[in-house]
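Here is how names work: the chains are called A, B, and so on, in the same order as the sequence lines, proteins then strands, and each is numbered from 1. Note: hydrogens, waters and symmetry copies are ignored here, and every other heavy atom, side chains too, is used.
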Protein chains: 2
Amino acid sequence: MMDAKKVTALLRKKGFKVTPQRLAIYNVLCNTKAHPNAEMIFNKLQPYYPTMSLATIYKTIDILKEINLIQIINVGEDSLRYDAVVKSHSHIRCTVCNKVEDIMDFDFTPAIKDVAQRTSYDLSGQQFYFYGVCPECQAKANRKIG
Amino acid sequence: MMDAKKVTALLRKKGFKVTPQRLAIYNVLCNTKAHPNAEMIFNKLQPYYPTMSLATIYKTIDILKEINLIQIINVGEDSLRYDAVVKSHSHIRCTVCNKVEDIMDFDFTPAIKDVAQRTSYDLSGQQFYFYGVCPECQAKANRKIG
DNA sequence: TTTATATTAGATAATAATTATCCACAAAAA
DNA sequence: TTTTTGTGGATAATTATTATCTAATATAAA
Ligand SMILES: [Mn+2]
Ligand SMILES: [Mn+2]
Ligand SMILES: [Zn+2]
Ligand SMILES: [Zn+2]
């Protein structure tokens with residue numbers, strides 16, 4: 001989560017040019033908790049950058065990922081989602097409305113150690129995804145039934 | 001993990017016809033620990049069913065999933081993998097050779113309870129994926145360096 | 001500020017996993 | 001058997017993502 005100045009400096013340092021499109025895409029990711037996919041970012045920016053193409057979104061995402069400004073989230077949908085919070089944390093997706101929310105401060109450590117020991121793998125990362133029905137969708141369902 | 005007779009009975013009970021292709025595809029999944037994707041299954045069966053098409057693989061997988069004979073594994077590759085072990089268990093993928101292995105008997109219970117309580121979601125499932133370098137690939141790397 | 005040059009944005013086409021469609025034919029029921 | 005319903009395989013469609021190409025742009029040097 002960096003401000004525009006720091007992002008500018010980092011892009012330059014890594015040999016990438018700084019463009020309004022790149023800053024705008026990163027800015028969208030910093031200002032949402034919705035874990036948008038490429039198309040959602042595209043739609044968000046459409047009013048302000050009407051000529052921007054999806055290819056630009058994807059290319060920018062590659063760069064942001066490479067310089068570790070974002071992480072990629074694969075919750076088993078047909079498209080990937082992106083997150084400006086790079087600290088490792090797990091996610092939960094509502095199987096009704098498909099929103100993806102954070103589960104912060106979930107302690108992986110014991111699990112990771114256990115797995116490393118039992119598999120003899122040299123672990124580099126992990127992803128924990130949860131699925132279920134969110135409280136809002138539960139309430140809606142209850143209203144319909146009750 | 002069912003034998004052919006039980007699978008036959010189950011397919012019939014659920015209103016699906018029993019065909020050699022369907023039994024063969026399920027059989028492949030029962031006799032491997034490689035977590036194959038559609039193409040790997042296709043290649044495995046090619047010598048014995050030279051006219052079988054990928055569409056048949058996909059359609060059969062849909063059915064096997066629907067009657068809960070297999071589970072679908074999404075380890076963040078460009079294709080999905082399939083597993084005849086339907087009991088919930090986590091997986092680890094080697095980032096060098098891309099093999100996917102089981103991590104059995106990993107106890108999710110505390111994590112699941114913790115998450116259910118903190119999110120108020122009505123949980124229906126979860127997926128834990130680990131990434132790293134497998135012992136074999138570690139050995140290979142060491143040989144090259146040492 | 002102007003200029004030089006390396007990169008980029010956007011248009012467009014390509015890729016590749018998965019899904020849909022269609023029909024001769026096979027499996028189960030009668 | 002005969003009938004009926006569902007299926008396999010061929011083929012086309014879909015769709016997220018990636019590749020390619022070129023005019024335009026960001027940036028550093030002059
Ligand atoms: Mn997140
Ligand atoms: Mn498995
Ligand atoms: Zn919901
Ligand atoms: Zn390996």
Might you confirm whether atom CD of B:Glu77 has over 12 heavy atoms from other residues, nucleotides or ligands at distances under 6.0 Å? yes

CA sep, side-chain torsions, deciding dist, call: B:Ser90, B:Gln126, side chain to side chain contact (heavy atoms under 4.5 Å, CB included)
CA-CA 9 Å; B:Ser90 42; B:Gln126 68 287 323; over 6 Å; no

Interatomic distance where [atom1] belongs to [X] and [atom2] belongs to [N] [whole Å]:
X       : N      : atom1 : atom2 : result
A:Glu77 : C:dT18 : CD    : P     : 16 Å
B:Ile63 : D:dG8  : CD1   : C1'   : 11 Å
A:Lys65 : D:dT18 : NZ    : C1'   : 18 Å
A:Glu66 : D:dT18 : CD    : P     : 13 Å
A:Asn37 : D:dA16 : CG    : C1'   : 10 Å
A:Phe16 : D:dT25 : CZ    : C1'   : 17 Å
B:Tyr58 : D:dT7  : OH    : P     : 20 Å
B:Met40 : C:dA17 : CE    : C1'   : 15 Å

Ranking C:dA17, D:dT5, D:dT17 by distance to the side chain of B:Lys17, first place goes to D:dT5

Winner on side-chain proximity to A:Arg12, out of D:dT17, C:dT8, D:dT27, is D:dT27

Between atom [atom1] of [X] and atom [atom2] of [Y], what is the distance when rounded to the nearest 0.5 Å?
X       : Y       : atom1 : atom2 : result
A:His35 : A:Tyr82 : NE2   : OH    : 13.5 Å
A:Asn31 : A:Lys44 : CG    : NZ    : 8.5 Å
A:Ile63 : A:Tyr26 : CD1   : OH    : 14.5 Å
A:Ile57 : A:Leu64 : CD1   : CG    : 10.5 Å

- State whether a side-chain donor-acceptor pair under 3.5 Å links A:His89 with A:Asp105. no

### Query
Do we see a donor-acceptor contact under 3.5 Å between the side chains of B:Glu101 and A:Tyr121?
yes

Under a 4.0 Å heavy-atom cut-off, which of [range] touch DNA chain D?
range                     : answer
residues 43-56 of chain A : A:Ala55
residues 18-30 of chain B : B:Thr19, B:Gln21, B:Arg22
residues 68-76 of chain A : none

Item checked: Centroid-centroid under 6.0 Å between B:Phe128 and B:Phe108 rings -> yes

* With a 3.5 Å cut-off and just heavy-atom distances, do the side chain of A:Lys59 and the base of C:dG10 make a donor-acceptor pair? -> yes

**Item:** Polar side-chain atom of A:Asn27 near backbone of A:Leu23 as donor-acceptor pair, under 3.5 Å
**Value:** no

query = Any donor-acceptor pair under 3.5 Å linking the side chain of A:Asp114 with the backbone of A:Pro110?
reply = no

By nearest-heavy-atom nucleotide on DNA chain C, the more 5' of B:Ala38 and A:Gly15 is A:Gly15

Handout entry: A:Glu136 bridged to A:Lys99 by N-O distance under 4.0 Å
Key = yes

